[in-house]
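As structure tokens, the structure follows; a few thoughts come after it.
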Amino acid sequence: MSVTEQPPPAPGPESDGDEAAERLRDRISADSLTTRRDYLRIVATVSGGLAIGGVGVAAGILHRHGDSESMPAPKRVADQLLPGESVAFRYPEDEDRALAVRLSDGTLVGYSAVCTHLACAVLWREDRGADGELYCPCHEGVFDARTGEVTAGPPPRPLPRIFLTEQADGSVWAIATARSGETAREALCRQLGDSRPEMARQLGCPGVDRAAATERKRT
Ligand code: FES
């Protein structure tokens, strides 16, 4: 599906129930983020759109969603997303508009669909260039579909990203967010630091031990 307008949120995530989300969260915790090597895979994928053992991870956007200080719950955003397709969804909260796109070369990207200029809805235009482009019709703002960087118009900052993961059954899940201009590492460390200090330590996040010591003093 090529999205030139904002459809309703993709059906399915909630209908799969909390149990499925919990299983996925456990899987992500157990398999995807627990080693530094896997973290580096995520970073590599963010920049290169790699597919790893049938599970692809990509970067997306986020608007104020990126302000979260803890990891949001995973959310299923599509049963499948083929090259040239996109889907609009809400993440991490119901009011947070977001967009996932499968580029023609298979790269999966996700972004906040809230323009960083004056918060109009950003759309994906497949017909513009090899990767298409993310377009804000309010003041002709344009963002690079592969990176979220501003390429034209008045938006002052890149689109915040959303991290997506593709499961073996082809389903696409949103699993985390980043603020505008924030690297994947910065985003993961910020959101894991307090809620999952062990994981943050394994990822080599700075300041984890200091934060843990402060927490121990408090308790
Ligand atoms: Fe998007 Fe102005 S609100 S360019």
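As the structure lists them, so they are numbered: ligands from 1, and atoms in each ligand from 1. Only a predicted model underlies this, so the values are computations on that prediction, with no experimental measurement involved.
Side-chain contact between Arg146 and Asp105: present, with at least one pair of heavy atoms (C-beta onward) separated by less than 4.5 Å. Looking at heavy atoms from C-beta onward, Phe143 lies out of side-chain contact with Pro158 at the 4.5 angstrom threshold.
In terms of distance to atom 2 (Fe) of ligand 1, the nearest N, O or S atom of His117 is named ND1.
Nearest non-hydrogen protein atom to atom 3 (S) of ligand 1 is Leu118 N, 3.2 Å.
Contact annotation: Cys115 places an N, O or S atom under 2.8 Å from atom 1 (Fe) of ligand 1. One of the N, O or S atoms belonging to His139 lies under 2.8 Å away from atom 2 (Fe) of ligand 1.
No side-chain donor from either of Ser86 and Arg102 sits under 3.5 Å from a side-chain acceptor of the other.
For ligand 1, the atoms lying closer than 4.0 Å to a non-hydrogen atom of Cys136 are 1 (Fe), 3 (S), 4 (S). In summary, the atoms of ligand 1 found under 4.0 Å from a heavy atom of Pro154, numbered by their order in the structure, are 4 (S). Close contacts of ligand 1 with Gly141, meaning ligand atoms under 4.0 Å from a residue heavy atom, involve 4 (S). Heavy-atom proximity to Cys120, at under 4.0 Å, picks out these atoms of ligand 1: 3 (S).
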request  = Would you check, one step at a time, whether the test salt bridge (charged side-chain N to carboxylate O under 4.0 Å, His left out) holds for Arg179 with Glu186?
outcome  = CA-CA 9 Å; Arg179 292 170 176 161; Glu186 290 167 344; over 6 Å; no

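Of the possible donor and acceptor atoms, one in the side chain of Lys75 sits under 3.5 Å from a partner among the backbone N and O of Arg90.
Cys pair Cys136 and Cys115 fails the test of SG atoms under 2.5 Å apart.
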